[in-house]
Amino acid sequence: MKRMAFVVCLLLSLSSVSWAASLWTGTWVQREPQQEGRLMMTIEEVGTGWKVTYKIAGQPPGSPVSTIVTQLDGKHAPFLIDGKPSEQTMAIKKIDSRHTVTVITFQGKQAGISKAEISPDGKVLKIENDYTDSNSGGPGGKQIQYWDKQ
């Protein structure tokens with residue numbers, strides 16, 4: 001009986017992890033458009049990690065697409081632009097089912113830290129960026145972004 005209870009608890013915990021991970025997957029649109037236009041981010045589950053794809057909404061075919069594939073373990077992964085490594089990496093670590101922390105490097109130096117929190121209903125993503133270096137491609141300083149799930 002104890003073994004059966006353990007198996008049931010294990011299955012329930014695994015199903016809740018799968019459900020929680022699915023909060024992140026899908027297409028997200030940034031509320032405040034950047035100078036280049038409104039950013040779209042698509043998160044797909046790949047094994048135990050994610051593939052994150054960024055592009056500008058409404059861009060014609062052939063426009064730049066950025067991707068990163070991460071195991072969510074805090075190890076640096078290359079940030080690709082059109083499939084080619086850029087000078088940036090991201091080390092994304094999943095803290096729990098609703099939080100991640102990302103260390104961003106540019107040319108081998110830490111350029112910033114992002115903390116992401118997904119709403120309990122999975123519809124809003126809040127990202128707090130703290131760029132330590134304005135040469136990182138970010139605006140420098142702190143900013144908060146909101147993304148809505150499509």
Side-chain angles (χ1 to χ4, degrees), residues 10 12-150:
L10 178 64
L12 287 173
S13 68
L14 289 176
S15 66
S16 66
V17 168
S18 296
W19 175 81
S22 68
L23 286 177
W24 295 88
T25 59
T27 300
W28 299 84
V29 177
Q30 190 176 14
R31 284 187 190 168
E32 297 296 321
Q34 302 295 308
Q35 211 172 18
E36 306 84 26
R38 192 169 304 277
L39 284 176
M40 290 179 56
M41 172 177 60
T42 302
I43 300 175
E44 303 169 75
E45 291 183 14
V46 178
T48 59
W50 293 341
K51 177 182 179 185
V52 184
T53 303
Y54 298 93
K55 62 183 179 179
I56 307 286
Q59 287 284 343
S63 297
V65 175
S66 302
T67 57
I68 184 164
V69 177
T70 174
Q71 292 303 306
L72 303 171
D73 57 4
K75 293 182 182 173
H76 284 276
F79 186 78
L80 307 175
I81 299 175
D82 290 334
K84 298 175 186 163
S86 67
E87 296 180 279
Q88 185 174 334
T89 66
M90 292 183 171
I92 303 173
K93 182 170 178 116
K94 188 171 182 182
I95 304 302
D96 59 34
S97 64
R98 293 185 39 237
H99 299 87
T100 64
V101 173
T102 302
V103 176
I104 302 162
T105 64
F106 184 73
Q107 296 178 337
K109 296 178 184 175
Q110 183 172 319
I113 295 177
S114 292
K115 296 177 182 178
E117 177 180 11
I118 195 166
S119 62
D121 65 2
K123 294 180 181 179
V124 178
L125 181 60
K126 177 183 176 183
I127 301 177
E128 295 181 29
N129 295 311
D130 187 358
Y131 293 105
T132 55
D133 180 0
S134 61
N135 294 325
S136 65
K142 294 183 180 188
Q143 65 170 231
I144 296 177
Q145 301 174 345
Y146 290 94
W147 298 69
D148 297 305
K149 195 168 198 178
Q150 299 301 294

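Only this structure's heavy atoms are used, side chains among them; waters, hydrogens and symmetry mates stay out. If you read the sequence from its start, that first residue is 1, and numbering goes on from there.
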Closest heavy-atom contact between G74 and A91? O-CB, 3.2 Å
How long is the straight-line distance from NZ of K75 back to OG1 of T89, given to the nearest 0.5 Å? 14.0 Å
Do F106 and I104 have side-chain heavy atoms sitting under 4.5 Å apart? no
Please confirm whether the backbone N or O of F79 pairs with a side-chain atom of S86, one donor and one acceptor, at under 3.5 Å? yes
Mutual orientation of the aromatic rings belonging to Y54 and W147 [parallel < 30°, tilted 30-60°, perpendicular > 60°]: perpendicular
More than 12 heavy atoms of other residues, nucleotides or ligands under 6.0 Å from CD of Q59: yes or no? yes
With heavy-atom distances below 4.5 Å as the criterion, would you say the side chains of V29 and R38 are in contact? yes
Taking the side chain as every heavy atom from C-beta outward, state whether V101 and I95 have any pair of such atoms under 4.5 Å apart. yes
Give me the atom names and distance for the closest heavy-atom approach of I56 to L39. CD1-CD2, 3.5 Å
Rounded to the nearest 0.5 Å, the NE2 atom of H99 sits from the CD1 atom of I118 at a distance of 10.0 Å
Give the minimum heavy-atom separation between K149 and G26, together with the two atoms involved. CE-CA, 4.2 Å
T67 and T53 side chains, donor-acceptor separation under 3.5 Å: no
Any side-chain donor-acceptor pair under 3.5 Å between Q71 and T48? yes
Taking all non-hydrogen atoms of both residues into account, name the closest pair between S66 and I81 and its distance. OG-CG1, 3.8 Å
Could you check whether D148 pairs with R31 (Lys NZ or Arg NE/NH1/NH2 to Asp/Glu carboxylate O, under 4.0 Å)? yes
Can you measure from OG1 (T100) to NZ (K94) and round to the nearest 0.5 angstrom? 9.5 Å
Is it true that a side-chain atom of T132 and a backbone atom of A111 form a donor plus acceptor pair closer than 3.5 Å? yes
Would you give the length of the straight line joining atom NZ of K142 to atom CG of D130, rounded to the nearest 0.5 angstrom? 5.0 Å
Atom pair NZ/CG of K123 and L23 - distance to nearest 0.5 Å: 11.5 Å
Measure across I127 and S114 and return the closest heavy-atom pair with its distance rounded to 0.1 Å. CG2-CB, 4.1 Å
Determine, stepwise, if the pair T105 / H76 fulfils side-chain contact (heavy atoms from CB on, under 4.5 Å). CA-CA 9 Å; T105 64; H76 284 276; 3.3 Å; yes
Atom pair CD1/CH2 of I43 and W24 - distance to nearest 0.5 Å: 6.5 Å
Using side-chain hydrogen bond (donor to acceptor under 3.5 Å, both in side chains), reason through Q143 and Q145 one step at a time and then give a plain yes or no. CA-CA 7 Å; Q143 65 170 231; Q145 301 174 345; 2.7 Å; yes
I'd like to know if K115 pairs up with E117 as an ion pair, taking the criterion as any Lys NZ or Arg NE/NH1/NH2 lying under 4.0 Å from an Asp or Glu carboxylate oxygen. no
Is any side-chain heavy atom of T27 closer than 4.5 Å to a side-chain heavy atom of M41? no
If you take all heavy atoms of I68 and A77, which pair is closest and at what distance? CD1-O, 3.7 Å
